[in-house]
Each structure stands twice: as structure tokens, then as C-alpha cells.
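A quick write-up on the structure given underneath.
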Number of protein chains: 2
Amino acid sequence: MLTGTNLEYTKSYNVRIVLETIRLYGPLSRVEIARRTYLTAQTVTNITRSLMQSGMIVEAERLQEGRGAPSILLKINPEGAYSIGLDLDKDHLTGVLVDLLGTPRQQIDMELKFPSSDEAMDILENTAKELITREGVELEKIWGVGIGLPGPFSVSDGAVLKDVVTPIGLPGWSNVPVREILSKRLSLPVFLENNANAAAIGELWYGAGRHIGTFFYVYFGAGLGGGVIINGQPYFGYTGNAGELGYYPASEPFDQEQNSQKPHLGQFFRLPSLYKKLQAEGYEVSNLVELEKLYEQKNDFLMGWIEKGATHLAPLVLAIEYLVDPQAIFFGGRLPDPIINDLLEKLKTILPTLRIKEKTSYPDLLNAAAGAEAAALGVATIPVYESMAPLPGLLMKTSKNSYRSLVRPVISEM
Amino acid sequence: MLTGTNLEYTKSYNVRIVLETIRLYGPLSRVEIARRTYLTAQTVTNITRSLMQSGMIVEAERLQEGRGAPSILLKINPEGAYSIGLDLDKDHLTGVLVDLLGTPRQQIDMELKFPSSDEAMDILENTAKELITREGVELEKIWGVGIGLPGPFSVSDGAVLKDVVTPIGLPGWSNVPVREILSKRLSLPVFLENNANAAAIGELWYGAGRHIGTFFYVYFGAGLGGGVIINGQPYFGYTGNAGELGYYPASEPFDQEQNSQKPHLGQFFRLPSLYKKLQAEGYEVSNLVELEKLYEQKNDFLMGWIEKGATHLAPLVLAIEYLVDPQAIFFGGRLPDPIINDLLEKLKTILPTLRIKEKTSYPDLLNAAAGAEAAALGVATIPVYESMAPLPGLLMKTSKNSYRSLVRPVISEM
DNA sequence: TTGATTAATTCAAATATTTTGATTAATTTA
DNA sequence: TAAATTAATCAAAATATTTGAATTAATCAA
């Protein structure tokens, strides 16, 4: 898979480069795009012409500054395409329909309790269809459906593309061909991703990651997950579980129920487990709104939980710092914003006590842009990312040009 | 830095793809190269013609199998180019001159004691010149000089390209323009790299990494370092210190002298510190040969040291497994081979006790191909890598096409 | 008001590289 | 010995970018 390239591939790549430049820095004039991409103005004219014909971009106002002909600004057409994201976890489903700029147009939330794979397929299908109906958009304009599932996955054959999944967090699921089932039922391209990676991709494409190329994303879902973005590209690891820090061993057990398993970090951040502990203390908390309310009351037990969480997270954050050396570490997902912020503050005081002082800069610890629906927005960006991002693999003559295809795939003897 | 591409870039990339295909799988016929790269036979003919003219490849024997015209096999010409690697550490210098196939032609070893930057510049210059004289090769055929220094580096301005360095491990060094000084004195391109990254690049280019795209390299030098290879590309991290696990905090202090610093893993694996401990126990050991001899005697104290080392390394190896998820973790550098092997065996028994059982495959723990001179061979490959590797950045219209340039560089507002 | 200047965009031709189709050469097979 | 097969190459076609000139639309200065 060490393949050459040609003009044809060059073109499709340049189209995406132009599109991405407009998306990130637009509205921009053709000449300005040429200046930034080092393409010629003529090439940009050619490319933008076809992009306008396909409705992906539109001309905006003229910009008059100084002498000469005023430039015509180009911008992404939000209605140029749509995408659907469905984030499924042990205890809930969030579905969103977004436009080309990532703006949510429709959203559906649902409480669940460990759905079986058959139940889940029906729920996912119906939610997608309901979103499309509500927005009243024709099927051709929808680029695809991204589906988020809780990682890690048990990958039986080492396949990088996870079409058939066995999510460890969803009991009873075993080698479910999610992609095949739903793409057939919905007549749309379907992409599967673990929700931590999805949240990271969302942050990369629409959030602060637009201007940060290398970051780690710590995702609070039903448990604890992680996603890695390296040089502007999602990084999945050899088995597809890179960044999965939920099962990192901990020194003490956190969860009485799950004492069959060795103690690990994900146990601590399991929301149902936190609710149960709070209920044992006499606080009636069973959802995020109530949790945030309790936090606003500066509840002692909750404060202690956050402090303890930061203490347990710190060594792993340090390992991320030393091993991955990212520009930033984002924290996001299904915890109330103020609680994440508090956790970050506490981490920021703990980390310096652990570090051996020698570097001049350390990764920023940041609260992720999208809130509780981060994963849903994240998976919704995958079809868009797949169609729009200037993936380096596009320049090579390989048949698979997925966002999951590697820059230089593992070399195999032929 | 989101740049387009064109035919010119396409060509230089295809040239490297052909070269790399021959290097990895050669000798190969033109048609076979075409089949593997998805280029046409005609294109391969054109490219190989110019590669033969520049002396990088040569025709080998004809291969007669079955009907049709026998194919003419092509292979890398070892004498097509040479490269020099100089690995400097706190206590030694290793210099090698290698040919295009990475075969060492000349080697120089030297014991040192914390050389000042001025002393080091002289030693490096003289060693390079001596290597060239001994081999008797003309300067034009030498693609460059790679210089390995102990990481981590203090990067004052966040520059990714480390032309001016302040290695923390070499006291007295401060913002030394190593690249400028030595490229002037030697009239050759000079590349700087920390020796763990260099060893990893060496393993990638000439070792087992030829067929493993994503791996971590744990490097035993004067202290403990690490290098990361992701999808066949060296990964450096945002500050250039990715994989630097030497300063990861440890639970107990290992080194009485350095008790001013907080305890960290690098202290444990410091060779001088081990020698001192052994001497305190009454064993006269002060170099690698004597250390290996002691190991062959199954010395109790040394065995205990290895066991303890494995115990302290295990949680970090697990973090690599969870965060980076590589196909393999290599262990190499300046520890005798049998000791590394022993350490690996012990790690392999400790790790399963730490893991929460849920994955079907784990990274292979492997002894690196090159021995004590891994870092020197590694830095020697950098000029070759820079000239030959099909770096994805080559396809983009950026001025800097170094092996350190990113696939999709950090996006900056213009 | 008008012509000169400036800058954005586009048309048309040139350029460079890959691809396509045909040709030549070398070997095996019947 | 002729047909079949495969490797390698020649020559022409195809395709995208680049180059250079032309067009368009604004400002500036007399």
C-alpha cells in the first residue's frame, strides 16, 4: 500500500484544500485563497466554479478596500449539505441533524437502559428518520449518518474499519453489523465511531481544534473515554483503541457492584455509579440537570468526588503530557460544564506538584466547546469530514479513502 | 499552511515511492513495481531511468520464470550514497558511517565525561572527518550528518526544528547552534535529533519497523528516553518531546546524589548510577562488557535490579498501550542484549497482572534490532530518510520539506 | 469629469507528468 | 518453428496546473 499519485488525485485534494480554507478562514476572495494555498488564482477560479455549481459554496458580498476591482468573497453554503449524528450509550441516545457549518437544526434526546442490539437498531433507525422528517430535507442532501458507540471495542480480526462491533460497554452485543443494517434501512452512508473519538473529531472540525492540530480529548460518557488528534488527523492506534484510558488500572476499587473487575478509572466516572453514591448519601440525583443543581449548592460530597476525580486523573494526564505531548487536552462530554471546569482547576493545582520541572510549556487543559451533545455532534461531523477534509490518503492510489485510512498504512508483504 | 499540490510535487513523490518500494521489497522488476505502486509501467520506466542515471539503483540479474520476456530486477546501489551518524551522550560518543543500505562501514567509539559544548563541537567535527578519511569516500556522496543528543530539550521558542539546543542532560549547554556550527565546519547538511527518536527512526528505516507502521521505542541511554513512530512517520509532539518518559515521576527516589530532583524513572536506568550501586556491593563494573559478564554470572543484585526495573516500567508500558496503542514496543539502546531480553520477559509476566482483561491483542514487546549503536545508526539514517522517504509533506507546497514537517501542520491564522 | 493606476478575475495557450495504445524484445510452449 | 506470453519502451493523448494576456471594476489625481 505504498502507492503513487497522479493529476487526478492532485485535483480532488486541491478541491478539498480550497474548501477547507474557506471553511476555516472564510469568507475569502479567490485571490486570497490562492495566496494562502499557494495555488494560482486561475486554479482557484476553476475549483471554486465547480464548488459553486455543486452548491457547496456561495458568493457573499463584495469587499471594497483600496484601489482595484473589489474582491468577491466566497463562503460555505450551510444548506449545501446536511449530516446526522446518533450517539448511543448505555443509558441514553442523542440524535442531531446538522448543516454544513455544523449548526444543529434538529435534536432528539432519549433515556435508555442497556438496549439490546435489536432494540438499538430500531431506535437508531427511527430517530434518524424522525430527524429528517422534522427538518424536511431531501435525502440526497444528507451526506450520511454517524453513529457513536461507547468504546473500547473488542476487535476480533484486527480490522481497522469497524463495520461489525462488539462494544464492551453494551452487554449482549456481539459482532453486530451496525453499518450494514442501518445503511440498508436508511439508504444512507453510515459511519461507526466510538463516542470519545467522535467528540474529538467534532472538536477538531468545528471547535477549538480548528486551530489546534495536536490534542487529546478526555471524554466523560457513561464511563471514561479518550480520543487522539495528531497533526490535524484523528489517530486510532493499531487496534483502534488509542486513547482509551477508561480501563487504566487504579489503585483502589471505586464501585462495589463491579468488584468482579479489577479497579480502573472508568468506574470512578461512571455516572450511574455517582448517582447511586449520591443517593446513598440522601441526595435525590438521577440526571445531569439535578447534578448541576447540586453542584451549584456546593454540595460537600460532590466537591469531594470532584477532588478525588482530579487526583486519580492527574497521573494519566501526566502520562498524556509525556507520551503524546499534545498542544492541549480537552475535557468534555456528559458532565455539567461547571463540574468539568472545577475538575480542570483542581487538576491544574495537582499537576505542578507531580511534574519534574524542566519544560517551558505544558499542554493547555481546556473545557471542550460542545457540551453534553459533544459526541452526537462529533459523529455528525464524520460524514462531512469524510467528504470535505483534505485527507492525505486522498493523494495516494488506494481504493479506500476513508478518514480512517492511514497516511502511510502498515506495510504488508504482497 | 494548508497548501495545494501540483504535478511537480507529484513527480518527486512518485520517485520516492518507487525508491522505497525497491528498498523494502527489492530486488524487483519494473512491472512488479508498477503493480505494487499502482503506477503504470511506463511511469516506472521513466522514474527508474533517472534513478539509475543518478546511481541510486542498479540493474541486477534477469529473472526467468514462466513465459514471456524475463524481467530485469532493480535494486538499491549501496554505494549510491553514504551518511554519517554521531551519537553524543553524557558519557560517550559513537560515530558511524553507513552506506545507502544502512550497513555500517566505519565506526568510532569514545568515552566522555559531560563534555562542554565547545569540546563537543570539536570532537564531533573530528570524528566525522576521521570517518570520511577512513572510508575514503568523496564528500559529494555523503548526504549528511545526523547528530544524536540526549533529550529532552528545553525549547525556548517552541520551534519544532531544533537547530539550537539546550539538552537538559548536558549541563552547561545553553542555546548551542549545533546545526549551524557543524554544517559550516563540515560543509555537509546536519540534522539534530534526540537519541531516542533517532533510534526509533533507525528501527523504522532499517529494522523491524520496516514492516511495523506504528510503534513506540523505549531507549536506554545515559538515562531513559522514548521515541514514537505513527503510521510510518516519526511523531514528535507539540513541543518536540513526545515519548520522553525518562522524567515520568516515580513513587520512590532511586538516586542518592540527585535527591534534589523529585524521583523519576530516568534515575533508575542511569548507567553510572547502576555502576555505582554495583560497586557499592563490591562488584567492579564500569562498562557494558563487564555488566554483561556480571549478568552471565546471574548476579543476584543485578537480577534484582532488572526485576525492580520491570516493575517500575510496567505502569508506563501500560500507559503506552492504552494511550498510544502501538503495534509493538521496542526496547533498545545501551544495555546489553541479554539484560534487555530479561527485562522484557519480566515485563511480560507483570503486565497481564495489571491489565483489565478486555482486548484480544496487545502490543508486542520486542528487543530492538540494532544494539548499543542503535542511536548512532538511527541518526545516520536521518539524512537518508530525509532524501529518500516518501514524506507526505512533499506533496504540499510548503517550502520546508523536512522529515520533521507535519502531514498537516498546525493551522495558523495568517 | 476623465484618464491613469491598481487589483481581482478570467480567457487562452503553454507546460509537465501520467496514461493509453502500439511496438519491440525475449522466453516458453505446443 | 510458430504461437503465446510477458517485460519494457516508444509515441501520442489526456489532464490538471501554470503562465501570460485580457477584461472588469474600483480608486486616485489632474
Side-chain angles (χ1 to χ4, degrees), chain A residues 3-18 21-22 26-53 57-75 390 394-397, chain B residues 3-18 21-22 26-53 57-75 390 394-397:
Chain A
T3 63
T5 184
N6 66 8
L7 268 180
E8 221 179 317
Y9 291 83
T10 294
K11 183 176 186 188
S12 67
Y13 185 79
N14 284 346
V15 168
R16 288 180 184 228
I17 284 289
V18 168
T21 303
I22 298 172
L28 291 175
S29 71
R30 293 173 177 79
V31 169
E32 180 62 18
I33 295 167
R35 196 178 70 73
R36 285 169 184 262
T37 58
Y38 293 86
L39 294 167
T40 60
Q42 182 59 58
T43 302
V44 173
T45 294
N46 296 341
I47 290 173
T48 52
R49 185 188 296 123
S50 72
L51 283 174
M52 280 174 66
Q53 275 164 2
I57 59 172
V58 285
E59 288 192 341
E61 79 278 9
R62 298 197 153 220
L63 193 69
Q64 300 183 2
E65 37 172 16
R67 299 175 142 195
S71 52
I72 306 156
L73 297 184
L74 300 170
K75 63 178 184 186
L394 276 174
L395 284 163
M396 286 140 219
K397 296 184 164 184
Chain B
T3 64
T5 183
N6 65 9
L7 266 180
E8 222 178 317
Y9 293 84
T10 292
K11 183 177 186 187
S12 68
Y13 185 79
N14 283 347
V15 168
R16 288 180 183 227
I17 284 288
V18 169
T21 302
I22 298 172
L28 290 176
S29 71
R30 291 171 177 83
V31 168
E32 179 63 17
I33 295 167
R35 195 178 70 75
R36 285 169 184 264
T37 58
Y38 293 87
L39 294 168
T40 60
Q42 182 59 57
T43 302
V44 173
T45 294
N46 296 341
I47 289 173
T48 52
R49 185 189 295 123
S50 73
L51 283 173
M52 281 176 65
Q53 275 164 2
I57 60 172
V58 286
E59 288 192 340
E61 79 277 8
R62 297 197 154 221
L63 192 69
Q64 300 182 1
E65 38 172 17
R67 299 175 138 195
S71 52
I72 306 157
L73 297 184
L74 300 170
K75 63 178 184 187
L394 276 174
L395 284 164
M396 286 140 219
K397 297 184 164 184

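Chain A is the first sequence line, chain B the second, and so forth, proteins listed ahead of strands; every chain is numbered from 1.
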Nearest-angstrom distance from the residue atom CD1 of B:Ile47 to C1' of D:dT9: 15 Å
Value in whole Å for how far the P atom of D:dA8 lies from CE of B:Met52: 11 Å
Secondary-structure stems for DNA chain D, with pairs counted as Watson-Crick or G-U when both distances are under 3.5 Å and runs at least 3 long: C:1-30 with D:1-30
Under-4.0 Å side-chain N/O to phosphate OP1/OP2 contact, B:Thr43 with C:dT17: no
Gap between atoms CD1 and P, on B:Ile17 and C:dT18 respectively (whole Å): 12 Å
Length of the line joining B:Arg62:CZ and C:dA26:P, which is rounded to integer Å: 7 Å
Distance in angstrom units between A:Asn14 CG and D:dA16 P, rounded: 11 Å
Whole-Å gap separating P (D:dA8) and CG (B:Leu39): 15 Å
Side chain to side chain contact (heavy atoms under 4.5 Å, CB included) involving B:Ala69 - partner list, sequence neighbours excluded: none
Residues which pass side chain to side chain contact (heavy atoms under 4.5 Å, CB included) with B:Ser29, listed by chain and number, not counting sequence neighbours: B:Val31, B:Glu32, B:Ser71, B:Leu73
Nucleotide C:dT27, atom P - distance to CD of B:Glu61 in whole Å: 14 Å
Exercise: identify the closest heavy-atom pair between B:Ala60 and B:Ile72: O-CG2, 4.3 Å
Reading 5' to 3' through nucleotides 6-14 of chain C, protein heavy-atom contacts under 4.0 Å coded B for base, S for sugar-phosphate only, - for none: BBSSBBB--
Partner set under side chain to side chain contact (heavy atoms under 4.5 Å, CB included) for A:Arg67, not counting sequence neighbours: none
Separation of atom CG in B:Asn46 from atom P in D:dA8, rounded to whole Å: 13 Å
Non-neighbouring partners of A:Thr40 that pass side chain to side chain contact (heavy atoms under 4.5 Å, CB included), sequence neighbours left out: A:Gln42, A:Thr43
Heavy-atom closest contact (A:Ile22 atom, A:Lys75 atom, distance): CG2-CA, 3.7 Å
Distance-only side-chain donor-acceptor flag, A:Thr21 / A:Thr37, under 3.5 Å: no
Within-4.5 Å side-chain heavy-atom neighbours: A:Leu51 and A:Val15: yes
Pair B:Arg30 + B:Glu59: basic N to acidic O under 4.0 Å: yes
